[in-house]
Amino acid sequence: MPVDDFKAVSGRGVQGLVTDGPLPHRVLLGNAAMLREGGIELPPDLENGLSASLADEGQTPLLLAVDGRFAGVLGLADPLREESPRLVRALKARGIRVVLLSGDNARTARAVAARAGIDEVIADVLPDGKDAVIADMRAKGMRVGMVGDGINDAPALARADVGMAMGSGIDVAMEAGDMVLLRGLPGVLTALDLSRATLANIRLSLFWAFAYNVLLVPIAAGVLLLFGGPGMSPMLGGAAMAMSSVSVVLNALRLRRAGTEHPLAA
């Protein structure tokens, strides 16, 4: 059916004129707050009845109104990724705090979090609210990594210390993130392991570079000659400096073994 005067209300739902027959119908589809703002009277037992039942099953209840009258409830749910519980367990084993940050209502978010093994839930968050939550965490001294795939996640992805956008997500999210997970959630562990291996590699290279120079520069300058020891020819000094650079490069090449996709073994 053709839709005219379409409008998406952030954090609320959508509305528009749907042509079905000779006259168009004003249709609203969204949460309870949107319908109430539109002057729609809702059944008194709706939120504690069918809506609550759908939310407890991990579905987001969407309320439908046609021409100013309540018309029904739709249950919308994204299937939980098969690897999500294993990913959460692996992150917790690394001492990482896992939080579900969602725009869904609290009951739906808690149901999904329970299936994924997530203990902490922040729900009913609008797009700008996600950005504020990330900013608050960073202000408390936390280092925050955000994983998301939708337009509502883009501000939070940009705000996080590391924004990880799903490769299956929309372009806005991928532009806002610092990295794109082309192979899905297992890439989170790969990114963590690779980043830690990179930092360890940098520290090791810096240590040996400084140790190498602290030891050999005085010898090349002739310190040992003051004590009757041997000197170092310019050719040997140049070769030693070249070997210093080669050792750093060889150390960096070890990272190739750290870049494989994590299997997320159970």
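Contact annotation: the side chain of L189 approaches that of L91 to within less than 4.5 Å [non-hydrogen atoms, C-beta and beyond]. Residues V9 and V14 form no side-chain contact, since every pair of their non-hydrogen atoms from C-beta on lies 4.5 Å or further apart. Looking at M142 and R97, their side chains come closer than 4.5 Å, going by heavy atoms from C-beta outward. Two residues are said to be in side-chain contact when any heavy atoms from C-beta on lie closer than 4.5 Å; V27 and L17 fail this criterion. Considering only heavy atoms from C-beta on, Q15 comes within 4.5 Å of M34 through its side chain. With contacts defined as side-chain heavy-atom distances shorter than 4.5 Å, the pair R81/M166 qualifies. When side chains are defined from C-beta on, L28 does not count as touching L64, because their heavy atoms never get closer than 4.5 Å.
The nearest pair of heavy atoms linking V121 to A109 is CG1-CB, 3.6 Å. A176 approaches A154 most closely through the heavy-atom pair CB-O, 3.4 Å. P186 approaches E83 most closely through the heavy-atom pair CD-OE2, 3.9 Å. Here the closest non-hydrogen pair linking K130 and G103 is CE-N, 4.0 Å.
With sequence neighbours excluded, no residue forms a side-chain hydrogen bond (donor to acceptor under 3.5 Å, both in side chains) with D4. Every residue two or more places apart in sequence or in another chain that forms a side-chain hydrogen bond (donor to acceptor under 3.5 Å, both in side chains) with E37 is listed here: R12. Applying the side chain to side chain contact (heavy atoms under 4.5 Å, CB included) criterion to N251, with sequence neighbours excluded, gives N201, L204, S205, R254. R115 meets the salt bridge (charged side-chain N to carboxylate O under 4.0 Å, His left out) test with no other residue; sequence neighbours excluded. Applying the salt bridge (charged side-chain N to carboxylate O under 4.0 Å, His left out) test to R196 and every residue at least two apart in sequence or in another chain returns nothing. Scored by the side-chain hydrogen bond (donor to acceptor under 3.5 Å, both in side chains) test, D124 finds no partners at all (sequence neighbours excluded). Residues passing the side-chain hydrogen bond (donor to acceptor under 3.5 Å, both in side chains) test with N105, sequence neighbours excluded: T108. With sequence neighbours left out, the side chain to side chain contact (heavy atoms under 4.5 Å, CB included) criterion links F70 to L35, I40, L42, P43, L46, L63, V73. Checked against salt bridge (charged side-chain N to carboxylate O under 4.0 Å, His left out), D67 has no partners two or more places apart in sequence or in another chain. Residues satisfying the salt bridge (charged side-chain N to carboxylate O under 4.0 Å, His left out) test with D178, not counting sequence neighbours, are none. Listed by chain and number, the residues in a side chain to side chain contact (heavy atoms under 4.5 Å, CB included) with E82 are R86 (sequence neighbours excluded). Partners of L74 by side chain to side chain contact (heavy atoms under 4.5 Å, CB included), not counting sequence neighbours, listed by chain and number: L29, L62.
Distance check: R36 CZ to E41 CD gives 11.0 Å after rounding to the nearest 0.5 Å. To the nearest 0.5 Å, atom CZ of residue R89 and atom CD1 of residue I118 are 12.0 Å apart. Atom CG of D136 sits about 4.0 Å away from atom NZ of K140, to the nearest 0.5 Å. The structure places CG of D131 at 10.0 Å from CE of M146, a figure rounded to the nearest 0.5 Å. To the nearest 0.5 Å, atoms OG1 (T190) and CG (L182) are separated by 11.5 Å. To the nearest 0.5 Å, atom CD1 of residue I202 and atom OG1 of residue T198 are 6.5 Å apart.
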Yes or no on salt bridge (Lys or Arg N to Asp or Glu O under 4.0 Å) for D104 and R110, after CA distance, side-chain angles and deciding distance?
CA-CA 10 Å; D104 288 332; R110 284 196 296 268; over 6 Å; no

Check the pair E120 / V98 against side-chain contact (heavy atoms from CB on, under 4.5 Å), numbers first and verdict last.
CA-CA 7 Å; E120 188 172 351; V98 182; over 6 Å; no

Start with the C-alpha distance between R138 and D161, add both sets of side-chain angles, then the distance that settles side-chain contact (heavy atoms from CB on, under 4.5 Å), and finish with yes or no.
CA-CA 8 Å; R138 294 188 64 188; D161 290 289; 3.2 Å; yes

Go through L157 and I134 one step at a time and tell me if the side-chain contact (heavy atoms from CB on, under 4.5 Å) criterion holds.
CA-CA 9 Å; L157 286 169; I134 299 298; over 6 Å; no

Decide yes or no on side-chain contact (heavy atoms from CB on, under 4.5 Å) for V66 and R26, but give the supporting numbers first.
CA-CA 6 Å; V66 180; R26 170 64 65 179; over 6 Å; no

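Although no hydrogens or angles enter the test, the distance criterion places no donor-acceptor pair under 3.5 Å between the side chain of S84 and the main chain of L80. Remark: side-chain polar atoms of K92 are paired, donor with acceptor, to backbone N or O of G117 under 3.5 angstrom.
No continuous path of hydrophobic side-chain contacts links V147 to V144 [ILVMFWY only; heavy atoms under 4.5 Å]. I96 and L181 fall within the same hydrophobic cluster, where Ile, Leu, Val, Met, Phe, Trp and Tyr residues are linked whenever their side-chain heavy atoms come under 4.5 Å apart, directly or through other members. Linking ILVMFWY residues whenever their side-chain heavy atoms come closer than 4.5 Å, directly or via other members, places V162 and L100 in the same cluster. Cluster membership check: L253 shares its hydrophobic cluster with V246, using side-chain heavy-atom separations under 4.5 Å among Ile, Leu, Val, Met, Phe, Trp and Tyr. Note: the hydrophobic cluster containing M137 also contains V125 (ILVMFWY, side chain heavy atoms under 4.5 Å, direct or indirect links).
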